[in-house]
Amino acid sequence: MFFVPPKFSIAVSDAQFAITFIVMLIVALIIGQLTASLKMQSNAAIERERRVRSLYEMSRDLSAVLMIEQIADIAACFLHTEFGAKQALFIADENDQLQKMSNATANPNIALVQWAYEHGLPAGLGTDTLPTSPCLVLPLKATMRLRGILAIEPGEKTVLGPEQLRLLDICASLLAISIERIHFIWMSLRKRWYRSNQNACETRFYPPFHTI
């Protein structure tokens with residue numbers, strides 16, 4: 001408005017100049033809003049890519065482990081890196097009793113953990129069951145059965161939105177599959193050991209036919 005007659009003044013002598021200014025202002029606001037929206041979408045895409053990469057690395061690490069303790073360490077590292085969260089991993093034994101792993105840094109309500117295991121449903125923070133709890137408790141559902149419970153206590157500045165909850169669900173699924181894989185590996189090794197010992201006993205007490 002400073003460059004139309006009368007120049008260097010906010011007064012406008014022709015109404016067309018005012019209309020032009022209003023149209024240009026609206027266009028500038030729309031472009032600014034679209035640019036800001038595009039930047040937000042770009043940042044969200046970068047963040048999703050980073051989390052997908054983290055999940056891939058976690059899945060790759062889990063595929064190589066042979067001990068439950070290794071799974072607990074990988075889970076703790078992932079949750080601390082992504083959410084700044086404390087965690088506690090509970091593994092179900094052969095008698096359906098939950099055993100807390102030694103690297104746990106969170107202290108969830110044991111009754112809440114047991115409820116989530118018995119019902120196979122999430123509980124605690126952000127759910128319909130004891131939402132005031134500082135911990136979110138997720139069941140570890142594998143193909144054959146529940147393999148345990150993962151308790152997460154997010155950092156003070158961490159907000160668990162839909163995308164974060166979806167990421168935690170995927171994390172819990174990966175842990176459950178890995179625990180079940182290790183369970184079957186050890187079952188197979190145990191059967192082989194039993195069969196080898198059984199064959200050794202038969203050989204000891206039942207000598208070959210030609211020696212009788």
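From a predicted model like this one, the values you see are computed outputs, not experimental measurements.
Under 4.0 Å is where a charged nitrogen must lie from a carboxylate oxygen, and between K141 and E180 no such pair does. Between E57 and R60 there is no salt bridge, since no side-chain N of the basic residue sits under 4.0 Å from a carboxylate O of the acidic one.
Checked by atom type and distance alone, the side chain of S42 never pairs as donor or acceptor with a backbone atom of L38 at under 3.5 Å. Remark: side-chain polar atoms of T81 are paired, donor with acceptor, to backbone N or O of C77 under 3.5 angstrom. Judged by distance alone, with hydrogens and angles left aside, the side-chain atoms of S178 form a donor-acceptor pair with the main-chain N or O of L174 at under 3.5 Å. With T105 contributing its side chain and K86 its backbone, the two residues share no donor-acceptor pair below 3.5 Å. At distances below 3.5 Å, not a single donor-acceptor pair connects side-chain atoms of W186 with backbone N or O atoms of M67.
Atoms CD and CD1, on Q41 and I46 in that order, are 12.0 Å from each other to the nearest 0.5 Å. Between S59 atom OG and I177 atom CD1 the span is 8.0 Å, to the nearest 0.5 Å.
Hydrophobic clustering, with ILVMFWY side chains joined whenever heavy atoms are under 4.5 angstrom apart, keeps F90 apart from L138. Hydrophobic clustering (ILVMFWY, side-chain heavy atoms < 4.5 Å, transitive): L160 and F78 are in one cluster. In terms of hydrophobic clustering, with Ile, Leu, Val, Met, Phe, Trp and Tyr side chains grouped at heavy-atom distances under 4.5 Å, L112 and L168 are assigned to different clusters. I152 is connected to I179 through a chain of hydrophobic side-chain contacts under 4.5 Å among Ile, Leu, Val, Met, Phe, Trp and Tyr, so both are in one cluster. Note: the hydrophobic cluster containing L89 does not contain L146 (ILVMFWY, side chain heavy atoms under 4.5 Å, direct or indirect links).
Within a 6.0 Å sphere centred on CZ of F184, other residues, nucleotides and ligands contribute more than 12 heavy atoms. Around atom CG of D128, no more than 12 heavy atoms belonging to other residues, nucleotides or ligands sit under 6.0 Å away.
Applying the side chain to side chain donor-acceptor pair (under 3.5 Å) test to pairs two or more places apart or on separate chains, those with a residue in residues 63-79 are D73-N103.
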